Amino acid sequence: MKYHQYLAGNDKETEYGEQGNSMSASPEASKQGDGKTIKAIKLGCMVIFFGLIIGGVLILLIFAMWAILAIGFGVISGISFTSPLCWVVGGLISLLIVCAVITHKSR
């Protein structure tokens, strides 16, 4: 770097002074903050959206397990699967399975 380029660089530093040090004075900084806010809102919406999808899938799987266990109990015991007793027993069995899994995972 030549001497006159070095002096030119120092002139720029003294020219800007305190104005160059303040980040909030520039409009670019406020636009950048707005961009981060928008990205955070988008990320929050996506987390909520995918959480609802995953929750819905889990609920569907639990109801499918309930139906399979109810029909299986009906076939084994010889009770019609349209009987309320069949669905109550299937629901109780699936409830026991879900509770056992949750207590096992929490230990």
Side-chain angles (χ1 to χ4, degrees):
M1 179 176 204
K2 295 184 180 179
Y3 184 70
H4 67 278
Q5 289 175 340
Y6 178 75
L7 286 177
N10 283 342
D11 289 339
K12 287 180 184 175
E13 289 177 9
T14 57
E15 211 175 67
Y16 292 114
E18 292 180 19
Q19 183 184 6
N21 292 337
S22 65
M23 294 297 288
S24 62
S26 67
E28 293 174 2
S30 64
K31 287 180 183 177
Q32 186 179 17
D34 292 341
K36 287 182 180 179
T37 304
I38 291 172
K39 284 183 182 179
I41 290 172
K42 284 182 182 179
L43 179 65
C45 290
M46 294 301 288
V47 166
I48 290 170
F49 179 72
F50 285 118
L52 289 173
I53 288 175
I54 296 297
V57 168
L58 286 175
I59 289 172
L60 274 172
L61 289 173
I62 289 171
F63 280 119
M65 180 177 65
W66 180 11
I68 289 170
L69 290 172
I71 292 171
F73 174 75
V75 168
I76 290 172
S77 65
I79 301 172
S80 172
F81 63 89
T82 58
S83 169
L85 176 67
C86 182
W87 291 99
V88 169
V89 171
L92 289 174
I93 294 171
S94 64
L95 178 70
L96 288 173
I97 290 172
V98 169
C99 288
V101 168
I102 289 174
T103 56
H104 178 70
K105 293 282 183 181
S106 65
R107 288 185 185 174

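All of these numbers come straight from a predicted model, not from anything done at the bench.
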Mind checking what makes side chain to side chain contact (heavy atoms under 4.5 Å, CB included) contact with Ile68, not counting sequence neighbours?
none
Between atom CD1 of Ile102 and atom OG of Ser106, what is the distance when rounded to the nearest 0.5 Å?
8.5 Å
Any side-chain heavy-atom pair of Ile93 and Met65 under 4.5 Å:
no
Cluster companions of Leu52 among Ile, Leu, Val, Met, Phe, Trp, Tyr (side-chain spacing under 4.5 Å)
Ile48
Please report the closest heavy-atom contact between Cys86 and Ala70, naming both atoms and the distance.
SG-O, 2.6 Å
Besides Leu58, the hydrophobic cluster formed by Ile, Leu, Val, Met, Phe, Trp and Tyr side chains linked at under 4.5 Å, directly or via other members, contains Ile54
Are Val89 and Ile79 in one and the same hydrophobic cluster, where Ile, Leu, Val, Met, Phe, Trp and Tyr link if side-chain heavy atoms are under 4.5 Å apart?
yes
Heavy-atom side-chain proximity of Lys105 to Val101 below 4.5 angstrom
yes
Restricting to side chain to side chain contact (heavy atoms under 4.5 Å, CB included), what partner residues turn up for Phe50, sequence neighbours left out?
Met46, Ile53
For the atom pair CZ (Phe73) and OG (Ser83), what is the distance rounded to the nearest 0.5 Å?
8.5 Å
Are Leu69 and Ile97 close enough, and set up right, to give a side chain to side chain contact (heavy atoms under 4.5 Å, CB included), and what steps lead you there?
CA-CA 11 Å; Leu69 290 172; Ile97 290 172; 3.8 Å; yes
All side chain to side chain donor-acceptor pair (under 3.5 Å) counterparts of Ser80, not counting sequence neighbours:
Thr82
Apply side chain to side chain contact (heavy atoms under 4.5 Å, CB included) to Leu96 and list each qualifying residue two or more places apart in sequence or on a separate chain.
none
Donor-acceptor under 3.5 Å (Trp66 side chain, Trp87 main chain)
yes
